[in-house]
Number of protein chains: 2
Amino acid sequence: MSPRASVSAAAETRSGIVEAAVNQASIEGLESVTIGRLAGQLNMSKAGVIGPFGTKEQIQLAALEEAIAMFTADVWTPVENLEPGMPRLEATCESWLTHLMGDTFPGGCFLTQSATEFDGRPGPVRDRVAEYSALWERVLARDVKIAVENGDLPKGTDPAQVAFEIGSIAQGVNQARQLRRQKDARKRGQMAMRRILCVF
Amino acid sequence: MSPRASVSAAAETRSGIVEAAVNQASIEGLESVTIGRLAGQLNMSKAGVIGPFGTKEQIQLAALEEAIAMFTADVWTPVENLEPGMPRLEATCESWLTHLMGDTFPGGCFLTQSATEFDGRPGPVRDRVAEYSALWERVLARDVKIAVENGDLPKGTDPAQVAFEIGSIAQGVNQARQLRRQKDARKRGQMAMRRILCVF
DNA sequence: CCTACCGATCGGTAGG
DNA sequence: CCTACCGATCGGTAGG
């Protein structure tokens, strides 16, 4: 094999491990990902699984980054070129609800899961989850601010407050769907988000 | 020792184990509770820890029941004799926020933690979490219904929708406090709940 | 409630 | 990427 082929083969191996880790973590949590089970699932040795990463924590971090990329692709990418402000904000809520009701992650919202799992476990995984949570809230707040400036939301509206409320509703939708298996989870979320955005 | 004394001693042993399990689970999750760590923490043998319960799952269920009792004592008991409808509903929101900002559970809301941890793990723990989540939402919805009947909330308001929104905000407050360490978590939640309850 | 023990699995390493 | 292995820990049991 040429060096080029072996580099790309290594990248494929790595991404296969990450994909399997994302799926395991989505259902049982990032802490429940084990090297042995990944190896069994991928028909590899444990040494082959841990090799490209070094430690289990690095596998967790790689899975988290992949999950963030998948969330971004589902929720943000489809709307990023829409008109900033209320139009893009409403579209973001819709794509977020679609993401939450879809099957990107078999076990439900990866970030919500990781947030509760790691909020009491100091370390780089926790830090990264908190960072992305803050980043995503800023993305929402930015469009809220523009919507206020355009007069689409009442003067004096606090963008961070609205972003907080929308994010909370997303967590509620996730719980309604994943824990309670409520068929009206999307509608509940949609009504709540519309009320927050004064769309009636 | 008389039989009576030994019965009460057994009950004390059991409740000590449950208390330690609640604390471990609050920080790291119910799945991360291990018999060996409980034994070490309580200066007991593993056999002594598992004995009163039989299996780890029974310890998890006992810890969950205790956590539910603690939640109820914090949030519901102080308000249950208030006037049904809007007065009790507002007081419930306040006691809930106080609970979320307090130190009853060192790792944050036990129910939210257990919900994300077990929503993808079939079994009695998951079932009990879902049951209590549904029960608590009905408790909220009951006062919403009365508030609507009394004219304290707009005609046509869907009690289940309002209960869903309040519960979602509670999840948001928990994440803001536990993951993001936001100092304004309580105020964010309070503003959101007041808006949901049309209190302005 | 204890000691002593079971097989299984954990994260990870040595050496190739 | 593999085999073979390390010490630690897992849930749980036998026997007292």
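Below, chain A is the first sequence line, B the second, and so on; all start at residue 1.
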Any residue in [range] with a heavy atom nearer than 4.0 angstrom to DNA chain C? Just list them by number, or reply none.
range                     : value
residues 60-67 of chain B : none
residues 37-46 of chain B : B/Asn43, B/Met44, B/Ser45
residues 14-25 of chain B : none

>> So if I take every side-chain heavy atom of A/Thr34 and compare against D/dG12, D/dG11, C/dC10, which nucleotide ends up nearest?
In response: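 Among the listed nucleotides, the one closest to the side chain of A/Thr34 is C/dC10.
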
> Where the side chain of A/Ile35 is concerned, which of C/dG12, D/dG12, D/dG11 is the nearest nucleotide?
Replying inline: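 The answer is C/dG12.
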
>> Pairs counted only when both distances fall under 3.5 Å, Watson-Crick or G-U: show me the 5' to 3' dot-bracket for DNA chain D, [ ] for pseudoknotted crossings and | for other-strand partners.
In response: ||||||||||||||||

>> Using ring centroids (six-membered ring only for Trp), state whether B/Trp136 and B/Phe71 fall under 6.0 Å.
In response: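 Yes; B/Trp136 has its ring centre under 6.0 Å from that of B/Phe71.
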
> For B/Val33, which contact category applies under a 4.0 Å heavy-atom criterion: base, sugar-phosphate, or nothing?
Replying inline: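 Here B/Val33 touches the backbone only, sparing every base.
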
> Between A/Arg195 and B/Glu165, is any pair of side-chain heavy atoms under 4.5 Å apart?
Replying inline: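 Contact flag for A/Arg195/B/Glu165 side chains = yes.
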
Using distance only, find each side-chain donor-acceptor pair of residues 18-28 of chain B under 3.5 Å and give its atom names and separation, not counting sequence neighbours.
{"unit_1": "B/Asn23", "atom_1": "ND2", "unit_2": "B/Glu19", "atom_2": "O", "d": "3.4"}
{"unit_1": "B/Gln24", "atom_1": "NE2", "unit_2": "B/Gln41", "atom_2": "OE1", "d": "3.3"}
{"unit_1": "B/Ser26", "atom_1": "OG", "unit_2": "B/Gly107", "atom_2": "N", "d": "2.6"}
{"unit_1": "B/Glu28", "atom_1": "OE1", "unit_2": "B/Arg37", "atom_2": "NH2", "d": "3.3"}

Under 3.5 Å, which protein N or O atoms sit close to an N or O of nucleotides 14-16 of chain C? Give each pair with its distance.
none

> Under the 3.5 angstrom rule, does the side chain of B/Thr112 hit a backbone N or O of B/Cys109 as a donor-acceptor pair?
Replying inline: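 Not at all, since once roles are kept as given, no pair shorter than 3.5 Å links the two residues.
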
> Parallel under 30°, tilted from 30 to 60°, perpendicular over 60°: which one fits the rings of A/Phe105 and A/His99?
Replying inline: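 Perpendicular.
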
